[in-house]
Amino acid sequence: MDLAHELHDLVRTLDRWAEQMLRPEGLTYNQYVALVILGQHPGITGRTLSKSLGVTEAAGSGIVKALLTDGLITNGTTPGSGNRRELRLTSAGEDKSGHCARLLGHSLDDNARAIGIDPNSLASTIRDLHDEVRTIRSETPKDHS
């Protein structure tokens, strides 16, 4: 059994499940994650949002446009910030984000408990592994010539 393969497969399964659950709400998973990010970091730029989502600026622009069209976010300026455009949730965006968070719920936690795994302990282990992988992968290989 290969850990990397199993984790990738689990993430793909969770992403597909989330897409199916969010479709009736008129959101893609990336749009939902954008709402979550904006709820946690109001006033970020579209460029920062795109980077946080792991998408190109063009794809991020499409996500922002859809959320603006649906009235879930605003794209405005704060006095004194010059031309800097800042994204924020509207009250409808806050409501939609909260509703979708409840819709997605804690089912993965329930799945873990069903097979005898403490979800908090597993989440902590995954966080530690992720931190370690980021540390190793961010190191620049040394030139051995």
Side-chain angles (χ1 to χ4, degrees), residues 2-141:
D2 178 51
L3 177 60
H5 170 75
E6 294 300 327
L7 288 174
H8 282 290
D9 197 34
L10 174 61
V11 168
R12 282 194 304 268
T13 299
L14 292 172
D15 287 351
R16 283 190 302 270
W17 177 81
E19 286 285 348
Q20 290 174 355
M21 295 294 292
L22 294 169
R23 190 173 297 123
E25 299 301 318
L27 290 178
T28 65
Y29 185 64
N30 274 342
Q31 289 169 339
Y32 166 71
V33 173
L35 293 178
V36 171
I37 291 169
L38 290 172
Q40 295 173 353
H41 305 282
I44 64 172
T45 65
R47 177 176 287 163
T48 301
L49 179 62
S50 297
K51 186 174 181 180
S52 298
L53 290 169
V55 300
T56 64
E57 284 187 45
S61 179
I63 291 168
V64 166
K65 183 177 180 181
L67 296 174
L68 285 167
T69 298
D70 291 344
L72 301 175
I73 64 172
T74 61
N75 186 5
T77 59
T78 300
S81 67
N83 291 331
R84 179 184 157 110
R85 307 294 290 180
E86 299 175 341
L87 303 171
R88 297 183 187 282
L89 292 180
T90 62
S91 59
E94 290 173 6
D95 291 346
K96 179 68 88 171
S97 179
H99 172 72
C100 290
R102 288 185 298 278
L103 184 65
L104 294 176
H106 299 285
S107 66
L108 187 58
D109 289 8
D110 294 340
N111 292 137
R113 284 186 196 96
I115 60 171
I117 297 173
D118 173 45
N120 292 322
S121 176
L122 179 59
S124 179
T125 300
I126 291 170
R127 167 73 54 94
D128 291 346
L129 178 60
H130 194 189
D131 289 345
E132 176 66 14
V133 169
R134 279 190 293 237
T135 299
I136 290 171
R137 300 288 188 243
S138 67
E139 292 176 1
T140 304

* Asked: Counting only heavy atoms not in Tyr29, do more than 12 fall under 6.0 Å of its OH?
  -> no
* To the nearest 0.5 Å, what is the distance between CE (Met21) and CG (Leu104)? -> 6.5 Å
* To the nearest 0.5 angstrom, please state how far the NZ atom of Lys51 sits from the CD1 atom of Ile37. => 12.5 Å
* Given side chains that start at C-beta, do those of Pro42 and Leu89 come closer than 4.5 Å, heavy atoms only? -> no
* Determine, stepwise, if the pair Leu87 / Leu67 fulfils side-chain contact (heavy atoms from CB on, under 4.5 Å). => CA-CA 10 Å; Leu87 303 171; Leu67 296 174; over 6 Å; no
* Nearest 0.5 Å, what's the CD-CZ distance between Glu132 and Arg134? -> 11.0 Å
* Does Thr48 offer a backbone N or O that forms a donor-acceptor pair with the side chain of Ser52 under 3.5 Å? -> yes
* First locate atom CG of Leu49, then atom CD of Glu86, and finally report the distance between them rounded to the nearest 0.5 Å. => 13.0 Å
* Structure fact -> For Arg88 and Gly43 the tightest heavy-atom approach is NH1-N, 3.6 Å
* With a 4.0 Å cut-off, would you call Arg12 and Asp15 a salt bridge? -> no
* Give a yes or no on whether Arg47 atom CZ has more than 12 heavy-atom contacts from other residues, nucleotides or ligands under 6.0 Å away. => no
* **Validation row: Lys65, Thr69 side chains within 4.5 angstrom (heavy atoms)** => yes
* **Heavy-atom side-chain proximity of Leu27 to Cys100 below 4.5 angstrom** => yes
* Would you check if Leu7 and Val11 make a side-chain contact, meaning some heavy-atom pair closer than 4.5 Å? => no
* Asked: Distance-only, no hydrogens or angles: does the Ser97 side chain make a donor-acceptor pair with backbone N or O of Gly93 under 3.5 Å?
  -> no
Please output the side-chain donor-acceptor pairs of residues 113-127 that fall under 3.5 Å, not counting sequence neighbours, one pair per line with the distance.
residue: Arg113; atom: NH1; partner: Asp110; partner atom: OD1; Å: 3.2
residue: Asp118; atom: OD2; partner: Ser121; partner atom: N; Å: 3.0
residue: Thr125; atom: OG1; partner: Ser121; partner atom: O; Å: 3.0

* Glu57 side, atom CD; Thr45 side, atom OG1 - distance, nearest 0.5 Å -> 8.0 Å
* Roughly how far, to the nearest 0.5 Å, is CG of Asp70 from NZ of Lys96? -> 7.5 Å
* Asked: So, for Thr90 and Gly71, which heavy atoms are closest and what is the spacing to 0.1 Å?
  -> OG1-O, 2.6 Å
* Contact summary for Asn30 and Ile63, nearest pair of heavy atoms -> CB-CD1, 3.8 Å
* **Close side-chain approach of Ile44 to Leu38, heavy-atom, < 4.5 Å** => yes
